[in-house]
Amino acid sequence: MLQCDRFRGAMSFHTPFAAACADFMARATDLPAASFAVDAPPRREMGDFAVGCFAAAKAQGKNPAVVAAEIVAKFAPTDLLASATAAGPFVNFQLQRGPVFAYCVERAAAGTLLPQPGADQTICIDYSSPNISKHLAFHHIRSTVIGHALAQIFRGLGYRVIGINHLGDWGTTHGMLIAAFKKWGAPEPIDVTALNALYVRFRDEMKTNPDLENEGRAWFKKLEDGDAEARALWQKFRDVSWAEFETVYAMLGIKFDEIRGESAYEPDMPRVMAELRDKGMVTESQGAQVVELDGEKTPMLLVTKDGTTLYATRDIAAAQYRWNTYHFARSLYVVDRGQALHFRQLWKALAKAGYAWSSKCEHVPFGLVRIGGKKTSTRGGNVVLLKDVFNEASDEIAERIQASVQNNDRTSEVTDIAGTAQKVGIGAVMFANLMSQREKDVDFDWEKVMATDGDSGVYLQYAHARCASILRKAGSDGHANADLSKLTQPGEWALARRILDYGDMAVRAGNNCEPHVICHYLLELAGDFSRFYTAGNGDATLRVLCEDGHTRAARLALTEATKTVLAHGMALLGLQAVEAV
RNA sequence: GUGCCCAUAGCUCAGUUGGAUAGAGCAACUGCCUUCUAAGCAGUAGGUCGCAGGUUCGAUUCCUGCUGGGCACGCCA
């Protein structure tokens, strides 16, 4: 499938091979190695790595192509580099293949595929963070899946990650819900559907009966003042909601390190307000208490005219708590782009309060989910429940497994169809949501969600299952200490060269908070494997399980490494690889 | 009105500190199962990178303006 080299801009400095290219350039030019960006050339046949000579040419006042030719003239093969050729202003390197095969196989076997830039550093990631008393709907998938992927990526890179579910469990909304419940009640046992219905009805009747809004506000005031009845109802709603959320998180395999809603910061409100007042930041505006910020047309509201706090106030307390508790290197908030203004103001307010660590806080925004071209809204009724999508996807995959077995007249190697279908189906939905850039808006479309061919999570699972199948069929045929010099086919080299990039892709995904980098990388790796595999369809000598024992062992080692990287990469995205489909 | 984001093939998207001939998937068309899993592989076709300027040896990429779309702009979160 994917066969372009999409990540030409990616530097591979952490591998000794890319470093060797830069070192050679440095020696040949007397410039520091760091001044050379090591890239991949646009096409495979041109070389394994490429370095442009633009900066060097400028430093010497010469034509880049001339400089490239001069540099190449100084090249002599080394343990890692086989050749260097000038192509216009570029120097293209071919690697010594044996060491690359060995590097990939050893790293995969040892489980040391990723560099560890995160050692001794903590990253807080606030993600998913749904409002209680509402269902987890399809649009929650974005924060949940992107946040989880980032958590997995940073864990892979050696960071200590604190995944935080900052539940929306405080605020006027919850006062309205209590008011609605007091007014109309709900059948026992109460569930999220009933709570959501109460809220929708309340908002609806509020349009014609403005008194309701005041009732809702009054109940929130009581809640914030510690009224026993209000607290008991709120606690009940929260428990019911969490019970439902937990079943969906279990489907996704997500466990949070901290489940701490907005309500947890309610006791801190007086202290936060006192602190900001002491710093002279708080002013009054139309009955509310606000902070004026440089470059902002509107101030940030801290306390309403009713005397209740707002989410900005609680976010200040939460940010302080996270810093004081974790001393994070980065504190990420995976929240939709619509809240960009809120976060911009929050960082400014924290900076104004003198917290140097405010610069470590980042909003990681993502685009909207639309259904039928419209923004989803619980109140508007155009919601699709997340669990329904997952169940539908799992059912669809289960059917596909059966159909595949029939169509190909083979016996299934799947031992647990239901379990496999769930991993593949849910994984496919997750993958589809991670594949494009975060900030793009996405349209919900059943057909797109269920797509099982082409660039999809299913394609990765299929490639992984093929690796697993081959290794199963190899049985006791060992491939430890295989003679990797037997790997001479172009398809084998393509695989190894791709595996070499894995660590860089993870680093880049982490730096930019862009899981889609991993998605596209894995599609390419799976594509390389599929071509490697298919070469054996017409020619038995090209199969992994070929006649020659030494070649077979070497190919098995490469297959094992590929399988390991596929599974590892899928895990970074929150997907669980299956052994058969 | 102000601010932020987006615009690449019929559709959905990659292309990320400016670099070599702009690439995939879907849809269309053509091949490949005497099969290490055809949920796959190979191929054909499909582009004035929204428009106009600017910077540069070089711009899909950076800057300005314009057009079109999205989102956000005080007591919800």
Side-chain angles (χ1 to χ4, degrees), chain A residues 1-10 37 39 41-43 46 50 52 54 57 63-64 87-90 92 129 131 168 170-173 176 217 262 285-290 296-306 308 310-312 314-315 335-342 344 365 367-368 370 375 397 400-401 403-405 407-410 412-413 424 435-437 439-443 445 448 451-456 458-459 461-463 465-466 469-470 473-474 508 512 514 516-517 519-520 523-524 527 530-531 533-538 540 543-546 559 580-581:
Chain A
M1 215 132 296
L2 292 180
Q3 49 193 306
C4 60
D5 294 276
R6 293 183 178 188
F7 296 110
R8 282 159 45 195
D39 277 333
R43 282 177 308 287
M46 299 171 82
F54 304 99
N63 181 320
F90 293 91
N92 291 334
S129 305
N131 291 338
W170 208 246
T172 312
T173 301
M176 290 178 179
R217 290 184 180 286
E262 290 186 71
S285 168
Q286 297 167 35
Q289 300 188 50
V290 306
E296 297 295 335
K297 252 176 73 179
T298 54
M300 187 168 75
L301 271 72
L302 296 174
V303 180
T304 68
K305 60 190 177 200
D306 304 327
T308 55
L310 288 160
Y311 80 141
R314 296 187 286 275
D315 265 350
V335 181
D336 76 88
R337 206 184 48 214
Q339 296 193 44
L341 174 63
H342 164 67
R344 199 175 71 219
L368 293 174
R370 290 208 197 73
K375 189 176 170 180
I397 297 296
R400 293 280 303 174
I401 292 172
S404 166
V405 169
N407 292 344
N408 300 308
D409 191 25
R410 64 183 170 93
S412 175
E413 295 183 66
V424 175
M435 203 164 77
S436 60
Q437 284 188 45
E439 299 223 34
K440 303 255 180 180
D441 291 344
V442 297
D443 251 306
D445 171 357
K448 240 168 97 181
T452 57
D453 35 71
D455 288 349
S456 69
V458 178
Y459 183 69
Q461 294 283 16
Y462 191 70
R466 277 176 155 177
S469 175
I470 289 171
K473 287 193 166 66
R508 191 174 137 194
N512 303 339
E514 282 283 19
H516 87 292
V517 170
C519 294
H520 291 283
L523 288 171
E524 293 189 12
S530 293
R531 283 182 285 278
Y533 176 93
T534 307
N537 277 357
R543 293 183 190 171
V544 175
L545 302 177
C546 58
T559 301
V581 283

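This one's a predicted model, so the numbers in the text were calculated from it and none came from an experiment. Just the heavy atoms: all of them, side chains too, but no hydrogens, waters or symmetry mates, feed the values below. In what follows, chains carry the letters A, B, and so on, assigned in the order in which the sequence lines appear, proteins first and then strands, with residues in each chain numbered from 1.
- Residues satisfying the ring-ring contact (aromatic ring centres under 6.0 Å, His included) test with A:F90, not counting sequence neighbours, are A:F54.
- For A:L301, the listed nucleotide lying nearest its side chain is B:rG74; candidates were B:rC76, B:rG74, B:rA14.
- Contact annotation: A:R370 does not reach the phosphate of B:rC71 (side-chain N/O to OP1 or OP2, under 4.0 Å).
- Taking atom P in both B:rA20 and B:rC4, the straight-line distance is 31 Å, to the nearest Å.
- Between A:K448 and A:D443, no side-chain nitrogen of the basic residue sits less than 4.0 Å from a carboxylate oxygen of the acidic one, so the salt-bridge criterion is not met.
- At a cut-off of 3.5 angstrom, the base of B:rG74 holds no donor-acceptor pair with the side chain of A:T304.
- For the side-chain contact (heavy atoms from CB on, under 4.5 Å) test, residues two or more places apart in sequence or in another chain that qualify with A:L301 are A:A288, A:V290, A:L310.
- With sequence neighbours left out, the side chain to side chain donor-acceptor pair (under 3.5 Å) criterion links A:D445 to no other residue.
- By the 5.5 Å and 30° criteria, A:Y311 is not stacked with the base of B:rC76.
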Starting at the 5' end of RNA chain B, what dot-bracket string do you get if Watson-Crick and G-U pairs under 3.5 Å are bracketed, crossing pairs use [ ], other-strand pairs use | and unpaired bases use dots?
(((((((..((((.....[...)))).(((((.......))))).....(((((..]....))))))))))))....
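- The CG atom of A:L368 sits 7 Å away from the P atom of B:rA72 (whole-angstrom rounding).
- One P atom belongs to B:rG43, the other to B:rG25, and the distance between them is 10 Å to the nearest Å.
- By the criterion of a centre-to-centre distance under 5.5 Å and near-parallel planes under 30°, the ring of A:F90 forms no stack with the base of B:rG19.
- Out of B:rA39, B:rG15, B:rA14, the shortest distance to the side chain of A:V458 is found at B:rA39.
- With sequence neighbours excluded, the residues that form a side-chain contact (heavy atoms from CB on, under 4.5 Å) with A:Q437 are A:K440, A:E514, A:H516.
- For A:R217, whose side chain is taken as the heavy atoms from C-beta onward, the closest listed nucleotide among B:rC76, B:rC71, B:rG40 is B:rC76.
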Can you give one letter per nucleotide of nucleotides 4-10 of chain B, going 5' to 3': B for a protein heavy atom under 4.0 Å from the base, S for sugar-phosphate only, - for none?
-S-S---
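- Taking every side-chain heavy atom of A:Y459 into account, B:rG40 is the closest of B:rG40, B:rC73, B:rU16.
- Which of B:rC76, B:rG19, B:rU37 sits closest to the side chain of A:T173 comes down to B:rC76.
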